[in-house]
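Report on one structure; see the data block that follows.
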Amino acid sequence: MNLLAFLEQKVTAALVAAGAPDGTPALVRVSGHARHGDYQANGVMSVARSLGKNPREMAQRVTELLDLSDVVEKTEVAGPGFINFFLKTQWLTQQLGQYIHDDRLGVPLVDKKQTVVVDLSSPNVAKEMHVAHLRSTVIGDAVARTLEFLGHKVIRANHIGDWGTQFGMLIARMEDLEAEQQVDVMDVGLANLEEFYRQAKQEYDSDPAFSERARDYVVKLQGGDDWCREQWQKLVQVTMKQNLHLYERLNVKITDKDTMGESMYNPMLPSLVADLKRKKLAVEDQGAVVVHLDEFRNKDGDPMGVIVQKRDGGFLYTTTDIACARYRVESLEADRVLYYVDARQSDHLKQAWFIARKAGYIPAQVSFEHHTFGMMLGQDNRPFRTRAGGVVKLAALLDEARSRATELVRSRDGDLSEQREEELVRALSTGAIKYADLSKNRTSDYVFDWDSMLSFEGNTAPYMMYAFTRVQSIFRKAGVDANGLSGALNLTEPEERGLAICLLRMTEVLDTVARDGTPHFLCGWLFDLAGCFMKFYESCPVTQSQVDPEVRQSRLHLCAMTARALRLGLECLGMDVVEYM
RNA sequence: GCGCCCGUAGCUCAGCUGGAUAGAGCAAUGGCCUUCUAAGCCAUGGGUCGCAGGUUCGAAUCCUGCCGGGCGCGCCA
């Protein structure tokens, strides 16, 4: 259950009964300090003022109207009009006790199931994925997993860059390559896509015959020429084969069926532009088709003219994005669309959606949200690059993580079998990279630092994984199965209570992540949870001989639920756990 | 020029949409292992929340103006 939402609803009702307007938010929050209780309501003060009432008196009245006698030990009015709630340990025990055999630890499936399209990753064809794609891929996948866990229907949309004039030169280059080497590129694969792209560009810039052929291929490709389309298709396939392999290494749930590239919308563009014209949104202007937007300004301060069709008849990426938005609403039946796209595209997306809404493609109740994120920086606070100044490829990043994780694991001279070491290195290396990214607020730039992400101290993947193995180790020591526990839950020690209340917050945390698309909030909670468990672990023995059998069973329940919460939480982030480390 | 984002401890980051004495982790110092993994726990020090105004019971958070950093504003994507 969502404890916070439960209290919010209770206090709101009391607030209204005390004379506040309907729906006045109670503003229930987790208390900042233990002395202010477990939860606090902050909503009385502002509403009291607007009603001309004394806030403390009104808060007092609210507490009298609240029927929470089973739930709270003590309710107090404090300061200028805060209401603090001290939850009954017995009630907490009861609540958490309901979930001792619940796989979902009390996290309910949503009442109103939504179809949510998550736009993520979006690599370019004939280019290797690099760090700029990491955040979109990893954060988008984590939010997608969280939404799925809550019961929504999620459609991952991998909006790959598979269209554009660059394909002329790529097809020409591929043709030459196949002639020179007498092989099908598909058979060898484009071992080095970056190199391939670079060569194509170089020839295009230096060889007039080549560039002429390239331009010819662009026209043919757009005209639907069979051979050109076949060549183009090859490039897409080769690229995506490589990318899908990377997704697998990254433990990201993006498959072939999620690919919905730019080219997919091409057939929809002519009718789209015709429709915009019919609706008088788009007009002919110097041979091009333009949508004028008063709401946006160009460099000269004039209303922005967004071109949706070029004078030569070609379309632009704004046109594609309008069509894409329309498709997501009309064909995918999205209730909500989340774009995990670089912050720099903000203006562009705003314009595309603005036009789409004006044209009636996006109904008011469907929300389109640009979930921006900042750049990855190196330790010099400059964009993260290789020593030579090039972009860091994802494959290289994962390789380095692997070797660093291997070194780290071996430096600890544990007695792990080869297989366990392999599992650990794998989980640790991708986990460290992903967690480092996920644990930071996506909106700002963040500094990429190998040492801190692979540290066992602080809010890191290794610490979280260690917490999990520590719990598991208790079950091994006790020789019992975490899934077959008997006995009841009973909370007596403060560390037990602290752990319990943290466990009970899982629903509210996941709800927040789903609402805001902010996995770092989940990371923060997991870090709290791991911390609460560590404190519990230090002061509350479980398997030791002097421990009373009933206490032991109760504590085993706490351990089992902690392990489950950690695993579920980390799964929502796309992270693996291991049993040993 | 117009627009968007960012500025919080020496470093890396939180701060739940206006709440109580701004919190964590690194790094520094000191303590805790014959008992469930010390890759851990506990304690101490560390801040003019870029600056200046404003809004109000109350501002890191909202409004205005500066300063500093990043990024957009193509018949490219």
Side-chain angles (χ1 to χ4, degrees), chain A residues 4 27 29-33 35-36 40 42-43 45-46 48-49 55 78-82 84 124 161 163-166 262 285-290 296-302 304-305 307-312 314-318 320 342-348 350 372 374-375 377 379 381 383 408-409 412 414 436 439-441 443-447 449 451-453 455-460 462-463 465-467 469-478 508-509 512 515-516 518 520-521 523-524 527-528 531 534-535 537-547 555 559 580-581:
Chain A
L4 188 130
L27 298 179
R29 302 286 180 261
V30 175
S31 292
H33 297 94
R35 65 180 169 280
H36 298 140
Q40 62 183 63
N42 303 333
M45 292 167 282
S46 61
R49 183 156 46 88
F82 297 101
N84 295 334
N124 293 311
W163 202 249
T165 48
Q166 74 274 24
E262 291 167 358
D285 186 347
Q286 297 165 44
V289 183
V290 183
F296 298 85
R297 298 276 143 175
N298 65 17
K299 265 181 189 165
D300 305 321
D302 299 326
M304 177 83 72
I307 294 164
V308 291
Q309 186 166 19
K310 294 189 283 184
R311 207 182 312 173
D312 69 4
F315 301 99
L316 291 107
Y317 82 136
T318 300
T320 301
D342 195 292
R344 285 174 292 190
Q345 308 254 6
S346 167
D347 286 345
H348 157 72
K350 248 184 242 164
T372 61
M375 284 188 301
L377 305 176
Q379 270 152 288
N381 275 315
L408 177 68
V409 168
R412 298 290 173 181
S439 60
K440 274 132 203 144
N441 190 332
T443 54
S444 43
D445 296 343
Y446 88 94
V447 176
D449 176 14
D451 291 333
S452 61
M453 76 176 69
S455 162
F456 283 86
E457 284 142 10
N459 192 3
T460 64
Y463 178 80
M465 289 169 57
Y466 174 63
T469 58
R470 240 181 163 186
V471 193
Q472 295 307 89
S473 154
I474 288 177
F475 287 102
R476 285 194 293 271
K477 210 74 170 184
E508 73 189 45
V509 169
T512 301
R515 186 193 63 205
D516 299 336
T518 48
H520 82 283
F521 201 75
C523 294
F527 183 54
D528 281 347
M534 293 294 189
K535 289 173 186 57
Y537 183 95
E538 297 286 334
S539 58
C540 302
V542 181
T543 63
Q544 288 162 30
S545 56
Q546 80 276 16
V547 178
R555 288 181 179 168
C559 291
Y580 297 85
M581 62 193 287

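Residue numbers start from 1 in every chain, and the chains themselves are labelled A, B, ... in the order their sequence lines are given, proteins ahead of strands.
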Interatomic spacing from CG in A/L4 to CZ in A/R29 - rounded to 0.5 Å
7.0 Å

At under 4.0 Å between heavy atoms, what does A/R35 touch on the DNA or RNA strands: base, sugar-phosphate, or nothing?
base

Reckon A/K310 has a side-chain N or O less than 4.0 Å from the OP1 or OP2 of B/G74?
no

Select one nucleotide: of B/A20, B/C26, B/C13, the one nearest the side-chain heavy atoms of A/E457.
B/C26

Nearest to the side chain of A/R49, heavy atoms from C-beta on, is which of B/G23, B/U56, B/C41?
B/U56

Sugar-phosphate only, base, or nothing, as touched by A/T518 at under 4.0 Å among non-hydrogen atoms:
nothing

For A/H36 and B/A20, say yes or no: do the ring centres fall under 5.5 Å of each other while the ring planes differ by less than 30°?
yes

Would you kindly give the CE-to-C1' distance between A/M453 and B/A39, to the nearest whole Å?
18 Å

Can you work out whether A/T469 or A/Q286 has the more 5'-proximal nearest nucleotide on RNA chain B?
A/T469

Are the side chains of A/F82 and A/N42 in contact, using a 4.5 Å heavy-atom criterion?
yes

Taking atom types as they are modelled, is there a donor-acceptor pair under 3.5 Å from the base of B/A77 to the side chain of A/Y317?
yes

Checking all strands, does A/A78 fall into the base, sugar-phosphate, or nothing category for heavy-atom contacts under 4.0 angstrom?
base

Indicate, with a heavy-atom threshold strictly under 4.0 Å, whether A/Q544 touches base, sugar-phosphate, or nothing.
base

Syn within 90° of 0, anti beyond: B/U34 is anti

Are OP1 or OP2 of B/A14 and a side-chain N or O of A/Y446 less than 4.0 angstrom apart?
no

Counting any heavy atom closer than 4.0 Å, what does A/R344 reach on the DNA or RNA strands: base, sugar-phosphate only, or nothing?
sugar-phosphate

Kindly point out which of B/G40, B/C57, B/U12 is positioned nearest to the side chain of A/E538?
B/G40

Are the ring of A/F527 and the base ring of B/A24 both nearer than 5.5 Å at their centres and tilted by less than 30°?
no

Nearest-Å distance for atom pair CG/P, residues A/D342 and B/G72:
9 Å

Just how far is it from atom SG of A/C523 to atom CG of A/N441, taken to the nearest 0.5 Å?
11.5 Å

Hey, which of these two, A/D300 or A/P541, hits RNA chain B nearer its 5' end, going by closest nucleotide?
A/D300

Among B/C75, B/G1, B/C41, which nucleotide has an atom closest to any side-chain atom of A/K299?
B/G1

Provide, to the nearest angstrom, the distance between the CG atom belonging to A/D445 and the P atom belonging to B/C5.
14 Å

Looking at the angle O4'-C1'-N9-C4 for a purine or O4'-C1'-N1-C2 for a pyrimidine, is B/C33 syn or anti, with syn meaning within 90° of 0?
syn

Contact check, side chains of A/V30 and A/E508, non-hydrogen atoms, under 4.5 Å
yes

B/A24 and B/G46, which share atom name P, separated by this distance in whole Å
14 Å

Sugar-phosphate only, base, or nothing, as touched by A/M581 at under 4.0 Å among non-hydrogen atoms
base

A/V447 near the nucleic acid: base, sugar-phosphate alone, or nothing, with a heavy-atom cut-off under 4.0 Å?
sugar-phosphate

Is A/K440 touching bases, backbone alone, or none of the nucleic acid, heavy atoms closer than 4.0 Å?
sugar-phosphate

Parallel, tilted or perpendicular: rings of A/Y317 and A/H348 (30°, 60°):
parallel

Side-chain N,O (A/K350) to OP1/OP2 (B/C4) below 4.0 Å
no

Watson-Crick/G-U partner (both atom distances under 3.5 Å) of B/G58:
none

NA contact type, A/P462, heavy-atom cut-off 4.0 Å: base, sugar-phosphate, or nothing?
nothing

So do the side chains of A/V447 and A/N381 get within less than 4.5 Å of each other, counting heavy atoms only?
yes

Of the options B/A14, B/G19, B/C16, whose atoms approach the side-chain atoms of A/S444 most closely?
B/A14

Taking only the side-chain nitrogens and oxygens of A/N441, find out if one of them lies under 4.0 Å from OP1 or OP2 of B/G15.
yes

Look at all strands and tell whether A/A343 reaches a base, only sugar-phosphate, or nothing, counting heavy atoms closer than 4.0 Å.
nothing

Determine: side-chain N/O of A/H520 to OP1/OP2 of B/G15, distance under 4.0 Å, yes or no.
yes

State the NE2-OG1 distance between A/H520 and A/T443, to the nearest 0.5 angstrom.
7.5 Å

Has the side chain of A/N84 got a donor or acceptor atom sitting under 3.5 Å from an opposite partner on the base of B/A20?
yes

Taking any heavy-atom pair under 4.0 Å as a contact, classify A/F475: base, sugar-phosphate, or nothing.
nothing

Using the side-chain heavy atoms of A/R311, tell me which of these nucleotides is nearest: B/C75, B/G19, B/C36.
B/C75

Does A/R515 make a cation-pi contact with A/F521 (under 6.0 Å, within 45 degrees of the axis)?
no

A/Q40 has a side chain; which of B/C57, B/C76, B/A20 sits nearest to it?
B/A20

Using the C1' atom in both, what is the distance from B/C49 to B/A14, to the nearest Å?
13 Å

Of the candidate nucleotides B/C75, B/C36, B/G19, which contains the atom at the shortest distance from the side chain of A/A288?
B/C75

Nearest whole angstrom, please: distance from the P of B/C36 to the OH of A/Y537.
6 Å

Regarding A/C523, tell me which of base, sugar-phosphate or nothing describes its non-hydrogen contacts under 4.0 Å with the strands shown.
nothing

Remember a base hit wins even if backbone is also touched, and classify A/L408 as base, sugar-phosphate or nothing at under 4.0 Å, heavy atoms.
nothing

Which pair of heavy atoms, one from A/N84 and one from A/A78, lies closest together, and at what distance?
ND2-CB, 3.6 Å

Of the candidate nucleotides B/A77, B/U12, B/A27, which contains the atom at the shortest distance from the side chain of A/E262?
B/A77

Among B/A20, B/A77, B/G40, the one nearest A/F82 by side-chain distance
B/A20

